[in-house]
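Computed from a predicted structure; not experimentally measured.
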Amino acid sequence: MAKYFYQIKDYQKAVFWAIEANEFELLEKEAWLVFINAKLKLGKYEDALRAKEEYEKLLGNYFE
């Protein structure tokens, strides 16, 4: 769902569904990318950067 809403440029719904997708699978790369890119499209650069850093931290912890 997140990817669909991103493709039709409904970035608010894309963010919502990306969060929902992460509820099921925390390390789902596509959901994180949709979330980060949608935040960028909404002009929320700090939110996008924080999400990117959080995802990288989760990946680091997962592979340790």
Residue pairs fulfilling salt bridge (charged side-chain N to carboxylate O under 4.0 Å, His left out) with at least one residue in residues 14-24, sequence neighbours excluded:
none

Please name all residues satisfying side-chain contact (heavy atoms from CB on, under 4.5 Å) with E46, sequence neighbours left out, ordered by chain then number.
R50

Atom of K39, atom of D47 and distance for their closest heavy-atom approach
NZ-OD2, 3.4 Å

Sorted by chain and residue number, the side-chain contact (heavy atoms from CB on, under 4.5 Å) partners of A51 (sequence neighbours excluded) come out as W32, F35, I36

Which atom pairs, donor and acceptor, lie under 3.5 Å between side-chain atoms of residues 3-19 and protein residues at least two apart or in another chain?
unit_1	atom_1	unit_2	atom_2	d
D10	OD1	K13	N	3.4

Who else is in L49's hydrophobic cluster (ILVMFWY, side-chain heavy atoms under 4.5 Å, direct or via others)?
none

With K52, which residues qualify under side chain to side chain donor-acceptor pair (under 3.5 Å), at least two apart?
E56

